[in-house]
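All heavy atoms count here, side chains included; hydrogens, waters and symmetry mates do not. Every chain is numbered from 1 and lettered A, B, ... according to where its sequence line falls, protein lines coming before strand lines.
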Amino acid sequence: MPPKKRARVSKTSAKSGKIDDIERTSAAGRKRKAAAPVEKTGEGSQSAGSAIFTCWLMKSEPESRFENGIDVKFGIEDLKALPDQTGCWDGVRNYQARNFMRQMKEGQQAFFYHSNCKEPGIAGIMRIVKEAYVDHTQFDKKDVHYDASSKPDNPKWSMVDVQFQRMMKRFLPLSELKKYHLQHGANGGPLKDMALFTRARLSVQPLTAEEFDFILSLEDKEPL
DNA sequence: GCCAACGTTGGC
DNA sequence: GCCAACGTTGGC
């Protein structure tokens with residue numbers, strides 16, 4: 001409830017109104033490139049009967065950028081500065097990302113990823129403190145992520161509340177994660193299928209426990 | 001600032 | 001339901 005902050009994740013204000021929320025599942029049908037096993041879940045309604053995810057990665061921009069005259073900057077320091085170090089992850093306007101947020105459970109952890117900035121990468125860890133509920137910004141004409149096609153009696157977009165947990169012991173740059181991803185693709189390893197690389201534009205993505213743990217282990221290693 | 005990748009829209 | 005055009009994401 002406390003006014004939280006925004007984390008832009010995707011802007012797009014989708015217009016159109018025919019889709020009903022739930023199913024829009026992601027790749028919207030046509031693209032289907034043989035979906036990786038991993039995401040089968042994310043789409044569709046959440047119950048799609050697939051893997052259950054327990055760890056997440058959420059992207060937000062830590063540097064100022066103006067959209068319709070409004071600064072969409074929201075980095076980990078901004079989250080940390082909020083009352084209770086807690087904020088709502090509003091502004092997600094992509095169905096796959098939304099569906100993943102709807103699967104999140106209180107207490108789960110998510111990496112706070114800094115995107116579209118000088119040094120993209122994982123900055124810290126946060127905890128889901130409130131499960132998905134209606135993203136009020138979709139009805140706010142003044143908001144960057146206002147969505148005229150979404151009606152209060154059938155809201156399209158959801159958000160969760162997140163609380164800052166801690167900074168990474170050292171910032172984990174995208175460039176380093178990518179080296180592991182490539183290496184693991186060649187020789188096998190936990191980051192072989194990481195969504196950050198296989199679904200580059202997804203702003204809210206699931207991680208397997210193996211991916212999450214491997215990334216945590218990097219904190220204690222020398223930068224690659 | 002560029003631009004590749006890819007999600008979304010809307011005509012047919 | 002297909003698919004071309006368009007718009008956005010986000011690394012570089």
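Atom CD in Glu61(A) sits about 9 Å away from atom C1' in dT9(C), given to the nearest Å. Nucleotide dG10(C) holds its P atom 16 Å from the CZ atom of Phe74(A), rounded to whole Å. The distance from atom NZ of Lys156(A) to atom C1' of dG7(B) is 14 Å, rounded to the nearest whole Å. When rounded to the nearest whole Å, the span between CG of Leu174(A) and P of dT9(C) equals 17 Å. When the P atom of dG11(C) is taken as reference, atom NE2 of His114(A) falls 12 Å away, rounded to whole Å. Separating the CG atom of Leu196(A) from the P atom of dC6(B) is a distance of 13 Å, rounded to the nearest angstrom. The separation between Asn116(A) atom CG and dC12(C) atom C1' is 11 Å, rounded to whole Å. One atom, OH of Tyr95(A), and another, P of dT9(B), lie 6 Å apart when rounded to the nearest Å.
Partners of Gln138(A) under the side chain to side chain donor-acceptor pair (under 3.5 Å) rule, at least two apart in sequence or in another chain, are Ser150(A). Every residue meeting the salt bridge (charged side-chain N to carboxylate O under 4.0 Å, His left out) condition with Glu219(A), not counting sequence neighbours, appears here in chain and number order: Arg166(A). The side chain to side chain donor-acceptor pair (under 3.5 Å) search around Lys105(A) returns none, not counting sequence neighbours. Considering only residues two or more places apart in sequence or on other chains, Asp140(A) meets the side-chain contact (heavy atoms from CB on, under 4.5 Å) condition with Lys142(A), Asp143(A).
As judged by a 4.0 angstrom heavy-atom cut-off over every strand, Tyr113(A) is placed among residues touching the sugar-phosphate backbone only. If you check every strand for non-hydrogen atoms under 4.0 Å, Lys118(A) touches nothing.
For Trp157(A) and Tyr95(A), the ring centers are positioned less than 6.0 Å apart.
Within the structure, a side-chain polar atom (N or O) of Lys178(A) is placed less than 4.0 Å from OP1 or OP2 of dC12(C). Taking 4.0 angstrom as the limit, Arg199(A) places a side-chain polar atom (N or O) nearer than this to OP1 or OP2 of dG7(B). Phosphate contact (OP1/OP2 of dG10(C), side-chain N/O of Lys59(A), threshold under 4.0 Å): present.
Each end of the helix from dG1(B)-dC12(C) to dC12(B)-dG1(C) yields a helix axis from five base pairs, and these two axes differ in direction by 10° (to the nearest 10 degrees).
Distance from the side chain of Arg201(A) is smallest to dT8(C) among dG11(C), dT8(C), dT8(B).
Clustering of Ile, Leu, Val, Met, Phe, Trp and Tyr side chains at separations under 4.5 Å places Leu216(A) together with Leu57(A), Phe111(A), Tyr113(A), Ile122(A), Ile125(A), Met168(A), Leu172(A), Leu174(A), Leu177(A), Tyr180(A), Leu191(A), Met194(A), Leu196(A), Phe197(A), Leu207(A), Phe212(A), Phe214(A), Ile215(A), Leu218(A), Leu224(A).
Below 30°, between 30° and 60°, or above 60°: for Trp89(A) and Phe112(A) the angle between ring planes is above 60°, a perpendicular geometry.
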